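Since the structure is predicted, the reported quantities are computational estimates derived from the model, not experimental observations. The sequence lines fix the lettering, A, B, ..., with proteins before strands; numbering per chain opens at 1.
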Protein chains: 2
Amino acid sequence: MPFSATEENYIKAIYALTHSLGVEHANTNQLSSRLNNKAASVSDMLQRLFEKKLIDYKKYHGVKLTKKGFSVAIQIVRKHRLWEVFLVEKLNFKWDEVHEIAEQLEHIQSEELVKRLDKFLHFPKHDPHGDPIPDIKGIVHELKQVELNTCKVKNKMIFSGVKLHTKEFLQHISNLGLKLREKIEIIHITDFDGLIEVKINSNKKTIHIGSKTASHILVELL
Amino acid sequence: MPFSATEENYIKAIYALTHSLGVEHANTNQLSSRLNNKAASVSDMLQRLFEKKLIDYKKYHGVKLTKKGFSVAIQIVRKHRLWEVFLVEKLNFKWDEVHEIAEQLEHIQSEELVKRLDKFLHFPKHDPHGDPIPDIKGIVHELKQVELNTCKVKNKMIFSGVKLHTKEFLQHISNLGLKLREKIEIIHITDFDGLIEVKINSNKKTIHIGSKTASHILVELL
DNA sequence: ACAAATATTTAGGATAACCTAAATTTTGAT
DNA sequence: ATCAAAATTTAGGTTATCCTAAATATTTGT
Ligand SMILES: [Mn+2]
Ligand SMILES: [Mn+2]
Ligand SMILES: [Mn+2]
Ligand SMILES: [Mn+2]
């Protein structure tokens, strides 16, 4: 049962939608817009994924991954994130440059390759954007993260993820001087507009983070 | 102009056939058997490759890559061989395990990725089977190699390539204890059956190579 | 509860890449 | 030079994946 890249992308999209929204079912229009396909095409494909027992599907009522579909999804996510680590750690790509390439690499079929890549990278726990890498069993170890804009003055924390993955946002974060897994501390929060002043442990200077930006930044409280 | 993996495989097959046989044109049946497609399908695709100006094609008279087709072919070969180096050097695959994976990886589209991979691997000149890796300009630096079975007693040489790439043959060579780029010397050749006794520079013992095997081994004379 | 708005599916088609069978062209042996 | 064999192309079909337009189901506002 090797699945086509197209099928894998549908599965991954269903996973991403249900997982990130924390809901049971994904619906046709959501998939249509995420995959840049027309809703009619999505309907079409959903029937086929249903026949292959990758999804539970009742017409007009959205879809949900089966056990099998879920495990396929996790493996693709695992590959995607491992390749992103490779691109950043070994080939020195920036974190905003790797997604499109990983979109291709995630469809390479070879279990042994993934195993060895994982080992070569020293079994990383998260990708360059802080997202957890499912282990070989498919278990995802989620971090206890909160959004930076929910934190209080004097809180110490580790910058551990982002909720937005656009090139522009990622570059914005880089320009601020923030790097993943760095220890930071909130120095001050402006009441009026929620502007957050943050000290980066490794730096002397502080930086200022707008509240919209802060809402897309995930941290682990210490 | 991104080409499909299918188109790329046709281009690569035309390149391989004309290059390895040292002829101008590849014909439909050769492509059919190399690509495991029916001749009718090949005919079909050839028309499309012609329209895309990747090949010169006159019905019934075989095909030849255009400048453009040639440059596409070289880039795919370059990617295939760089990935093979990566798999062997970095992920510790054996030289008989990498071809199928590289067949997939060679279709990943990103010039920057290839550039960086090349650098990461320290600009290797040849792949794990001794085949030359086209440089970034697409120039192939072919080695002056001869088949081992054409060499004479006392000749000193470097084992630098193989003419057969099947898993069985590659494993056979490994089992003999031969490693690419090792210095070897012919100690004795049995007149009757052409059996060659070879000393491997790095070893104490000598090994015996049958003449059929020897005919698939390429060496650089010193 | 019901009509309008929204979401989804179905119908009918297109394209890429295959295939089998039939037609056509080239080749090669007399 | 001729004609059968071999090679190749054409004709007609299939499947996966996508699309537009039309039909249908669900949701929502009153
Ligand atoms: Mn990504
Ligand atoms: Mn990522
Ligand atoms: Mn290969
Ligand atoms: Mn090779």
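- For A:R48, no side-chain nitrogen or oxygen approaches OP1 or OP2 of D:dA16 to under 4.0 Å.
- Atom-to-atom, CG of B:N37 to C1' of C:dT20 comes out at 14 Å; the value is rounded to the nearest Å.
- Under the ring-ring contact (aromatic ring centres under 6.0 Å, His included) criterion, A:H107 pairs with no residue at all, not counting sequence neighbours.
- Counting to the nearest Å, the C1' atom of C:dA17 and the CG atom of B:L31 are 15 Å from each other.
- Residue B:E8 contributes atom CD, which lies 16 Å from atom P of C:dA16 at whole-angstrom precision.
- Summarising the geometry, the separation between CD on A:E7 and C1' on D:dA16 is reported as 9 Å, rounded to the nearest angstrom.
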For this session: Could you run through nucleotides 1-15 of chain C and give me one letter per nucleotide, 5' to 3': B if any protein heavy atom sits under 4.0 Å from the base, S if only the sugar-phosphate is that close, - if neither?
Result: ------SBBB-----
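- Separating the CG atom of A:N36 from the C1' atom of D:dC19 is a distance of 14 Å, rounded to the nearest angstrom.
- Looking only at distances, no side-chain donor or acceptor of A:D118 sits under 3.5 Å from a matching main-chain atom of A:V114.
- Rounded to whole Å, atom P of C:dA17 lies 4 Å from atom CE of B:M45.
- Checked for salt-bridge contact, A:E8 and A:K12 miss the test: no charged N lies under 4.0 Å from a carboxylate O.
- Between B:W83 and A:F86, the ring planes lie tilted relative to each other; the angle falls in the 30° to 60° range.
- Residue A:S4 places none of its side-chain N or O atoms closer than 4.0 Å to OP1 or OP2 of D:dA16.
- Taking the charged nitrogens against the carboxylate oxygens, A:E112 and A:R116 do have a contact shorter than 4.0 Å, which makes a salt bridge.
- Ring-plane geometry between A:Y57 and A:F50 is classed as perpendicular, the angle between the planes exceeding 60 degrees on a 0 to 90 degree scale with a lower cut at 30.
- One interatomic measurement links the two molecules: CD1 of B:I55 to C1' of D:dT8, which rounds to 14 Å at whole-angstrom precision.
- Computed from coordinates, the A:F3 CZ to D:dA16 P distance equals 14 Å when rounded to whole Å.
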